[in-house]
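Only one structure is covered here, and it is reproduced in the block below.
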Amino acid sequence: MDLLNTLINYIFAITVDYVDIDYSLWLSWLLMPLIITFLLPVVIIVLLYLSAIIFHIYKFNREKLVNTSDWKHRGRQAVAAVWDAHGWFWHGYEISGLENIPSDSPVLFIYYHGALPIDMYYFIAKLYLCRNRLIHTVADRLLFKIPGWSIILEGFHVIPGTVQQCASVLKDGNLLSISPGGVYEAQFGCEYYRLLWKKRLGFAKVALEAKVPIVPLFTMNVREAFRTVGILRRLFLRIYTLTRIPLAPIYGGFPVKLVTHVGKPIPYDGSLTPEQLHCKVAAAIEDLIETHQRIPGSITRALIERIYQVPKTKTKTNKNHTVVENDKETTTEES
């Protein structure tokens, strides 16, 4: 006990002599916005691990809670409810154009990838709750190496996705979502919302092989919810090019208004080449961006839109700004 009192007194003496309490409080208040900005993305990580815990609860108690063969469905319902509630509360999340999604046939969704694909989490959850249809998702292989996430990926049918795998999923009558830009677009996109698809034709080959329509998706303000740090961008790009490891820090988690706009389906056309279909889908998503997103994106304006949203008047701009940098063609797209 004497030793403990001595230690406490020693720490107190050092604190009084060497630490300026007033300055420390002032500094903490000054840095609080910066701290919050980088801590908010942690909430998404917490929700993902909460989702994993929910799945584990249903898996290990399936005989008590649900039928043995039904635990994934029940787990998905619970997890989807959590994400749908978070989207409604934090972002006032909505879907516009839900009628453009065929109700009983396979569809390939192609979407613009934000710094975090938080909009797709909400979209998948809402579609599952409203229509009881699960969207299979193509994801980067890096996700499969994150500890604790395997049960989420299994429960929501997330796959690495070669052309053959993706086509097989669609031929079985399922829904599938792909982001041609993937991690590259997530890490190096900006508030100007240019498509960073390089020369990836995998998604076009999937749609042509499975003979399914493509539905373009774009979520307004997704770049204002989360952003990547612009400093040292070239260094992060060089590291990513060499290692495929995304290192650009993500900040944000701002409660901006998010609305996913569902475009008109692009029907299957066997006369198109993958390159032609690639350009057609890119133009459709660019049209959604041009119609619904103010460029450049503004975090302040996106926050105001939670309360008051001024409809954007469509203006004609140069369509030839899709970035298709030279790169080796891949058969998979990343989520």
Side-chain angles (χ1 to χ4, degrees), residues 41-60 71-73 75-76 78-80 82-83 108-125 127-128 134-172 174-189 196-198 200-203 205-206 210 217 226 228 236 239-250 327-335:
V42 177
V43 174
I44 302 303
I45 304 298
V46 171
L47 282 176
L48 285 169
Y49 278 104
L50 174 62
S51 302
I53 292 172
I54 291 173
F55 269 118
H56 279 297
I57 290 173
Y58 276 93
K59 182 178 181 179
F60 293 129
W71 70 269
K72 288 184 183 178
H73 169 63
R76 279 194 294 265
V79 170
V82 170
W83 284 98
L108 175 59
F109 294 104
I110 300 297
Y111 64 96
Y112 173 85
H113 202 305
L116 281 182
I118 185 71
D119 55 322
M120 287 306 296
Y121 301 163
Y122 300 146
F123 182 76
I124 291 171
L127 200 64
Y128 192 72
L134 175 64
I135 301 176
H136 297 231
T137 305
V138 175
D140 186 80
R141 296 180 186 277
L142 181 65
L143 292 182
F144 295 85
K145 300 178 182 179
I146 299 177
W149 286 19
S150 60
I151 194 168
I152 306 176
L153 304 179
E154 177 189 353
F156 278 95
H157 292 200
V158 180
I159 59 175
T162 63
V163 170
Q164 292 71 29
Q165 284 178 313
C166 293
S168 177
V169 168
L170 291 168
K171 288 177 180 178
D172 289 339
N174 298 301
L175 305 177
L176 180 69
S177 66
I178 296 176
S179 171
V183 173
Y184 181 82
E185 190 169 69
Q187 286 273 286
F188 307 109
L196 305 181
W197 289 10
K198 299 188 177 183
R200 292 173 175 171
L201 302 176
F203 76 92
K205 293 178 180 179
V206 167
L217 302 176
F226 291 93
T228 52
F236 295 135
I239 294 173
Y240 178 77
T241 302
L242 294 174
T243 66
R244 297 296 175 183
I245 298 176
L247 293 180
I250 295 174
D327 191 26
K328 293 181 180 179
E329 180 185 337
T330 58
T331 56
T332 63
E333 274 73 34
E334 302 160 322
S335 171

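Numbering of residues begins at 1 and proceeds along the displayed sequence. Everything numeric here is computed off the predicted structure, so don't read it as measured data.
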Subject >> Pairs touching residues 147-167 that satisfy salt bridge (charged side-chain N to carboxylate O under 4.0 Å, His left out), sequence neighbours left out >> reply: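 As it turns out, the salt bridge (charged side-chain N to carboxylate O under 4.0 Å, His left out) pairs with a partner in residues 147-167, which skip direct neighbours, are K72-E154.
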What is the minimum heavy-atom distance between [X] and [Y], and which atoms define it?
X: S179; Y: H113; answer: OG-CB, 3.1 Å
X: V183; Y: P246; answer: CG1-CB, 3.7 Å
X: G181; Y: W197; answer: N-CD1, 3.6 Å
X: A167; Y: V206; answer: N-CG1, 3.9 Å
X: T228; Y: A115; answer: CG2-CB, 4.1 Å
X: L134; Y: G155; answer: CD2-O, 4.3 Å

From [X] [atom1] over to [Y] [atom2], what is the distance, rounded to the nearest 0.5 angstrom?
X: R141; Y: I159; atom1: CZ; atom2: CD1; result: 10.0 Å
X: L116; Y: M120; atom1: CG; atom2: CE; result: 14.0 Å
X: I135; Y: H157; atom1: CD1; atom2: NE2; result: 13.0 Å
X: L108; Y: L170; atom1: CG; atom2: CG; result: 5.5 Å
X: H136; Y: I124; atom1: NE2; atom2: CD1; result: 10.5 Å
X: I151; Y: K59; atom1: CD1; atom2: NZ; result: 5.0 Å

Measuring only between side-chain heavy atoms, which start at C-beta, is [X] closer than 4.5 Å to [Y]?
X: F156; Y: V79; result: yes
X: P41; Y: F226; result: yes
X: F144; Y: S150; result: no
X: L217; Y: D119; result: no
X: I178; Y: F109; result: no
X: I44; Y: I118; result: yes
X: V138; Y: C166; result: yes

Short side-chain to backbone donor-acceptor contact, [X] and [Y], under 3.5 Å:
X: Q165; Y: T162; result: yes
X: S168; Y: Q164; result: no
X: D172; Y: N174; result: no

Original post:
Should the pair H56 and F60 be assigned to parallel (<30°), tilted (30 to 60°) or perpendicular (>60°) ring geometry?
Top reply: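 The arrangement is parallel - the two ring planes meet at less than 30°.
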Please tabulate, one pair per line, all N/O donor-acceptor pairs under 3.5 Å involving side-chain atoms of residues 46-55, not counting sequence neighbours.
{"from": "Y49", "atom 1": "OH", "to": "P147", "atom 2": "O", "distance (Å)": "2.8"}
{"from": "S51", "atom 1": "OG", "to": "L47", "atom 2": "O", "distance (Å)": "2.8"}
{"from": "S51", "atom 1": "OG", "to": "W83", "atom 2": "NE1", "distance (Å)": "2.9"}

**OP:** Give a yes-or-no answer on whether the side chains of Y58 and H73 include a donor-acceptor pair shorter than 3.5 Å.
**Re:**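 Note: Y58 and H73 side chains miss the donor-acceptor criterion.
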**OP:** Take Y121 and T137, measure what side-chain contact (heavy atoms from CB on, under 4.5 Å) needs, and give me the verdict at the end.
**Re:** CA-CA 10 Å; Y121 301 163; T137 305; over 6 Å; no
Original post:
Which is it for L127 and L175 under the side-chain contact (heavy atoms from CB on, under 4.5 Å) test, yes or no, and what are the steps along the way?
Top reply: CA-CA 11 Å; L127 200 64; L175 305 177; 3.8 Å; yes
Original post:
Strictly under 6.0 Å, is that where the ring centroids of F236 and Y240 end up?
Top reply: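 So the answer is no for these two rings.
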